Asks: 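This structure is in structure tokens; I'll ask about it shortly.
Any value given below was found using the heavy atoms of this structure, including those in side chains, with hydrogens, waters and symmetry copies removed. No experiment lies behind these values; they were computed from the predicted model shown.
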Amino acid sequence: MDCQCLDVAKDCIKVLQKKFPESKRVGRLEGMLLEAKGSWAEAEKAYSSLLEDNPLDQVIHKRRVAMAKAQGNISGAIEWLNKYLEIFMADHDAWREFAEIYVSLQMYKQAAFCYEELMLSQPTVPLYHLAYADVLYTLGGLENLQTAKKYYASTIDLTGGKNTRALLGICLCTSAIAQLSKGRNKEDKESPELQTLAATALEIDYKQRAADKLGLLTSALRSLKI
């Protein structure tokens with residue numbers, strides 16, 4: 001099916017049907033073949049029938065989400081994901097898929113909620129800290145920027161200081177916070193120590209891995225007044 005050899009896939013499924021006539025796994029393959037042919041309504045009927053026998057079949061629930069996305073029906077994919085997560089709320093992959101869909105729709109508050117769920121269940125995965133920080137930075141506002149900076153810092157901590165995106169995030173947040181904090185009391189302003197360390201780490205990283213682009217980095221940091 002992945003190679004679009006649908007006739008061969010059909011023959012293989014027929015052989016499996018003869019050998020395992022009551023198999024739910026073969027039933028899933030039939031549904032996936034219908035998807036590959038673009039027979040969405042028939043595939044939905046096949047999946048609905050299988051779910052009647054086993055309402056907790058995770059694979060079929062996920063196929064429904066994939067099918068909605070393949071048709072460009074993002075609202076349908078969100079609806080199926082919501083129903084899926086009502087049953088399987090600890091599925092990390094589903095929460096991540098949900099977050100990515102919301103980001104693609106520029107629904108950043110909803111995406112932030114999804115990443116919060118992911119960090120609660122897997123607090124040591126730096127990818128989730130980084131993605132959450134990106135979403136908060138995109139949302140903007142002083143409070144979101146300050147929180148984003150903390151999560152960029154936690155990403156750096158979890159990766160041993162080797163995440164270039166997080167180091168740049170620290171610098172961007174610092175610059176944006178400084179702009180929003182103009183005119184405030186000195187007590188409200190943040191210490192420059194963290195961004196200085198981040199900028200230094202970036203320069204060292206670029207010298208080692210992309211020396212020809214060091215000038216661009218220096219210019220970018222200078223434009224951020226770091």
Side-chain angles (χ1 to χ4, degrees), residues 1-136 138 151 155 158:
M1 280 187 271
D2 288 343
C3 298
Q4 287 299 303
C5 299
L6 302 185
D7 291 335
V8 176
K10 185 178 179 180
D11 292 339
C12 291
I13 290 172
K14 281 183 179 178
V15 173
L16 289 168
Q17 284 171 330
K18 286 180 181 178
K19 191 163 186 178
F20 309 103
E22 301 298 324
S23 172
K24 304 302 179 188
R25 294 174 70 181
V26 176
R28 290 182 207 146
L29 289 173
E30 289 178 61
M32 291 171 70
L33 180 61
L34 290 168
E35 282 187 64
K37 290 178 178 178
S39 303
W40 308 115
E42 291 179 48
E44 175 57 33
K45 282 183 183 178
Y47 289 145
S48 296
S49 176
L50 289 168
L51 283 174
E52 285 178 8
D53 296 331
N54 181 14
L56 300 179
D57 191 321
Q58 286 183 269
V59 174
I60 294 177
H61 282 289
K62 288 183 176 181
R63 289 312 314 163
R64 279 177 147 178
V65 176
M67 194 163 61
K69 284 187 71 179
Q71 295 175 83
N73 181 10
I74 301 302
S75 60
I78 289 173
E79 183 181 347
W80 288 124
L81 264 175
N82 263 319
K83 290 181 178 178
Y84 175 81
L85 285 168
E86 285 175 6
I87 306 169
F88 308 103
M89 59 187 69
D91 190 321
H92 310 135
D93 291 332
W95 281 111
R96 185 175 176 185
E97 178 70 22
F98 222 166
E100 290 174 0
I101 288 175
Y102 280 135
V103 168
S104 72
L105 296 173
Q106 298 182 15
M107 298 172 69
Y108 298 115
K109 288 184 179 179
Q110 291 86 341
F113 175 81
C114 295
Y115 284 122
E116 286 166 2
E117 290 290 328
L118 284 165
M119 288 189 295
L120 280 171
S121 58
Q122 293 184 302
T124 59
V125 178
L127 175 65
Y128 301 149
H129 289 248
L130 180 61
Y132 184 58
D134 284 343
V135 168
L136 291 177
T138 305
Y151 279 93
T155 303
L158 289 167

Asks: Which of parallel (below 30°), tilted (30 to 60°) and perpendicular (above 60°) describes Y128 and Y115?
Replies: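 Correct class here is tilted.
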Asks: Which pair of non-hydrogen atoms, one from A94 and one from Y84, has the smallest distance, and what is that distance?
Replies: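 Result for this residue pair: CB-CE2, 3.5 Å.
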Asks: Within the distance-only criterion (no hydrogens, no angle test), does the side chain of E117 pair as donor or acceptor with the backbone N or O of F113 below 3.5 angstrom?
Replies: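 Not a single qualifying donor-acceptor pair exists.
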Asks: Rounded to the nearest 0.5 Å, how far does SG of C12 lie from CE of M1?
Replies: 9.0 Å
Asks: Under a plain distance cut-off of 3.5 Å, with no hydrogens placed, do E44 and S48 share a side-chain donor-acceptor pair?
Replies: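 Note: S48 and E44 side chains meet the donor-acceptor criterion.
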Asks: For the pair W95 (side chain) and E116 (backbone), establish whether a donor and an acceptor sit closer than 3.5 Å, ignoring hydrogens and angles.
Replies: no
Asks: Can you establish whether the number of heavy atoms outside D7 located under 6.0 Å from its atom CG is more than 12?
Replies: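 No - once you tally the heavy atoms of other residues, nucleotides and ligands closer than 6.0 Å, there are 12 at most.
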Asks: Quick one: pull up CG in D11 and CG in L16 and give me the separation to the nearest 0.5 Å.
Replies: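 The CG atom of D11 sits 11.0 Å away from the CG atom of L16.
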Asks: Determine whether a donor-acceptor pair (N or O, by modelled atom type, separation under 3.5 Å) exists between the side chain of Y108 and the backbone of D134.
Replies: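 No, the answer is negative, given that no donor and acceptor are paired below the 3.5 Å cut-off.
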Asks: Hey, can you tell me if F98 and Y102 have their rings parallel, tilted or perpendicular (30° and 60° cut-offs)?
Replies: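 Parallel: the ring planes of F98 and Y102 meet at under 30°.
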Asks: If only atom types and distance count, is the side chain of H61 paired as donor or acceptor with the main-chain N or O of I87 below 3.5 Å?
Replies: no
Asks: Surrounding NZ of K69 (heavy atoms of other residues, nucleotides or ligands, distance under 6.0 Å), is the total greater than 12?
Replies: no
Asks: Working to the nearest 0.5 angstrom, can you tell me the gap between K37 NZ and Q4 CD?
Replies: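 Going from NZ on K37 over to CD on Q4, the span is 11.5 Å.
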Asks: Could you check whether the rings of Y151 and H129 sit parallel, tilted or perpendicular, using 30° and 60° as the cut-offs?
Replies: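 It falls in the tilted class, 30° to 60°.
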Asks: Please check: side-chain N/O of S39 versus main-chain N/O of E42, any donor-acceptor pairing under 3.5 Å?
Replies: no
Asks: If you measure from CG on L51 to CG on L56, what distance do you get to the nearest 0.5 Å?
Replies: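 Output value for this atom pair is 9.5 Å.
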Asks: Check for a donor-acceptor pair, side chain of S49 on one end and backbone N or O of A46 on the other, with a separation under 3.5 Å.
Replies: no
Asks: Enter the distance from E30:CD to K24:NZ here, rounded to the nearest 0.5 Å.
Replies: 10.5 Å
